[in-house]
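Notes follow the structure.
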Amino acid sequence: MTTTHAPTASAGPAGDTTTTDRRQYALSDDQVAFRDATRALAIAQVAPGAAARDKSKAYPEDMLRLLVAQDALSLPFPTEMGGSGEGMLTCALVVEELTRVCYNTSYLLVMTWQPFYAISYAGTEEQKARYLPPLMRGELRFSTANTEPEAGSDMAALRSRATRVEGGYRISGSKVFASNAAVADHFVTFAKTAPEAGGRGITAFVVDARADGVHVAPPEDKIGGRAIPSCAVTFDDVFVPDADRLGEEGQGFVIAATCFTKVRPLVGARAVGLAQGALDNAVEYAKGRSAFGRTISEFQGLQWMLADMHIKTEASRQLLYKAAAELDAGVSTRDAAPLIGVMKTFTTDTAMAVTVDALQVFGGYGVTTDYPMERFMREAKGLQIVEGTNQIQRNIVARALLA
């Protein structure tokens with residue numbers, strides 16, 4: 001699958017967060033066709049099992065096979081590796097359309113692309129050749145084990161340690177909320193090689209999930225993304241060879257900050273997808289539900305609710321596409337971070353608000369599991385927290401304003 005990106009134009013300094021037209025974007029004809037094809041696939045083959053995936057919490061192997069068959073996993077991988085070489089905007093379109101019907105299915109793409117960006121950014125050529133092709137083919141599965149019981153947003157407070165030994169390192173520490181952990185072949189994780197250096201003492205590693213000393217707890221009982229297992233992971237004196245250190249010693253904080261910023265548009269894409277999916281369901285229900293002798297869609301109060309939901313969703317979509325286009329245009333993650341922070345905060349807050357209002361449209365039926373409203377709402381809540389809480393994003397935006 002290939003698409004052609006529309007040309008971009010620039011105006012204003014790269015760090016100017018008040019300039020709204022710094023990078024122009026428009027969806028190309030190929031991107032529109034790609035989006036529409038993904039929507040058709042989602043409706044026909046993904047949506048029918050969405051509720052069952054959430055209820056069973058079983059890892060969606062069938063959806064992974066579907067995405068592999070559609071070459072969806074390969075979208076951001078370089079063409080010389082057999083991938084599609086697509087940018088963030090195209091990837092966001094796909095995630096948005098899949099999330100519109102099934103959050104768990106789009107989650108599979110995120111769990112493939114997150115380690116892809118980390119290894120692409122910091123990995124050696126040997127590491128890229130060893131890990132990326134099988135990751136692209138769905139033959140390897142990764143988890144990112146970063147968050148710790150006492151260190152989430154404050155990554156400099158990590159307590160995991162990596163001690164230098166002959167031929168590599170010994171890692172000890174505890175992680176929590178490691179998505180995909182129960183099915184992962186490898187972890188991208190972070191530990192301090194120089195504890196006295198704080199954030200500058202953090203180093204990144206790839207850890208074999210089968211290595212002695214790796215212990216994965218049973219999956220957490222989450223409110224959203226329930227089919228993609230998130231687990232506590234303990235590294236108990238785990239040996240990691242030098243060949244699996246990711247980047248240089250002390251570069252872990254920069255690697256994490258760069259890659260987490262890079263993938264935040266995918267969080268925004270999931271948020272827009274959830275908001276749009278909830279709105280789609282609310283509109284359909286309002287047109288068919290009758291009260292007081294007419295459909296509830298004829299009541300102005302409800303019309304205004306639906307209009308506000310659409311306004312917020314469309315504004316979120318434009319922020320998402322602009323942020324993705326900035327990355328595709330070559331803006332560094334450091335310079336793009338304030339806009340990405342705006343996007344992540346606004347899109348996920350919007351998803352929460354829209355899904356709550358959509359549930360309200362359904363009245364009493366909204367709180368039942370017979371309709372997907374409560375599922376959309378549960379899934380939206382998590383997006384305000386993952387990949388940098390919205391409070392942290394506001395800090396990023398405020399620092400840029402006050403710099």
Side-chain angles (χ1 to χ4, degrees), residues 1 37-77 81-84 91 94-117 119 130-145 177-188 206-210 214-233 263 266 269-270 273-274 277 369 372 375-376 378-379 382 386:
M1 297 180 180
T38 305
R39 183 176 302 172
L41 176 76
I43 293 170
Q45 299 190 54
V46 178
R53 288 178 209 111
D54 174 73
K55 187 174 183 179
S56 72
K57 307 177 191 176
Y59 187 80
E61 293 279 358
D62 58 336
M63 291 295 99
L64 181 62
R65 290 194 298 271
L66 175 66
L67 295 175
V68 170
Q70 296 292 323
D71 286 330
L73 296 186
S74 72
L75 282 173
F77 288 76
M81 192 176 287
S84 301
C91 291
V94 172
V95 169
E96 177 189 342
E97 291 302 326
L98 290 174
T99 312
R100 197 168 173 171
V101 299
C102 182
Y103 183 95
N104 286 298
T105 298
S106 70
Y107 209 157
L108 294 169
L109 293 179
V110 175
M111 294 316 304
T112 301
W113 297 343
Q114 190 176 67
F116 160 74
Y117 287 122
I119 295 170
R130 179 157 43 112
Y131 290 123
L132 295 186
L135 178 64
M136 179 181 68
R137 296 190 296 265
E139 297 165 2
L140 278 185
R141 301 174 195 181
F142 272 75
S143 170
T144 300
F177 308 127
S179 295
N180 230 34
V183 298
D185 300 295
H186 299 277
F187 296 93
V188 172
V206 175
V207 179
D208 190 327
R210 298 159 297 183
V214 176
H215 306 287
V216 180
E220 301 283 355
D221 190 10
K222 300 182 294 182
I223 64 172
R226 292 154 65 91
I228 308 301
S230 295
C231 310
V233 180
V263 301
L266 301 179
R270 289 196 280 176
L274 281 177
T369 57
R375 171 164 56 88
F376 282 122
R378 287 189 280 108
E379 291 162 345
V386 300

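Only heavy atoms go into these numbers, but all of them, side chains included; no hydrogens, no water, no symmetry mates.
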(Q) The test is side chain to side chain contact (heavy atoms under 4.5 Å, CB included); show your working for V206 and F142 and say whether it passes. (A) CA-CA 9 Å; V206 175; F142 272 75; 4.0 Å; yes
Check whether [X] reaches the backbone of [Y] with its side chain - one donor and one acceptor, N or O, closer than 3.5 Å.
X	Y	result
N180	M111	no
K222	I228	yes
W113	L73	yes
R226	K57	no

(Q) Let's go through R378 and D54 carefully: what are the C-alpha distance in whole Å and the side-chain angles of both, what is the deciding distance for side chain to side chain contact (heavy atoms under 4.5 Å, CB included) to 0.1 Å, and is it a yes or a no? (A) CA-CA 11 Å; R378 287 189 280 108; D54 174 73; 2.8 Å; yes
Q | Evaluation steps, side chain to side chain contact (heavy atoms under 4.5 Å, CB included), between Y59 and L64 | A | CA-CA 9 Å; Y59 187 80; L64 181 62; 4.1 Å; yes
Heavy-atom check, side chain of [X] versus side chain of [Y], under 4.5 Å:
X	Y	result
V263	V110	no
R39	I43	yes
L98	L67	yes

Would you name the heavy atoms of [X] and [Y] that are closest together and state the gap between them?
X	Y	answer
R53	P60	CD-CB, 4.0 Å
S143	S179	OG-O, 2.7 Å
A181	F187	CB-CE2, 3.9 Å
Y117	P76	OH-CB, 3.7 Å
G224	E379	CA-CG, 4.0 Å
V233	A178	CG2-CB, 3.9 Å

Calculate, to the nearest 0.5 Å, the distance between atoms [atom1] and [atom2] belonging to [X] and [Y] respectively.
X	Y	atom1	atom2	answer
R100	T38	CZ	OG1	11.5 Å
C102	L274	SG	CG	10.0 Å
E96	L266	CD	CG	12.0 Å
D62	Q45	CG	CD	10.0 Å
R141	T112	CZ	OG1	9.0 Å
Q70	L75	CD	CG	10.5 Å

Q: Classify the angle between the aromatic ring planes of F77 and F116 as parallel (below 30°), tilted (30 to 60°) or perpendicular (above 60°).
A: tilted
**Q.** Results of side chain to side chain donor-acceptor pair (under 3.5 Å) for T99 - residues two or more places apart only
**A.** S106
Q: For the pair L66 and V46, evaluate side chain to side chain contact (heavy atoms under 4.5 Å, CB included) and give the outcome as yes or no after the intermediate values.
A: CA-CA 9 Å; L66 175 66; V46 178; 3.9 Å; yes
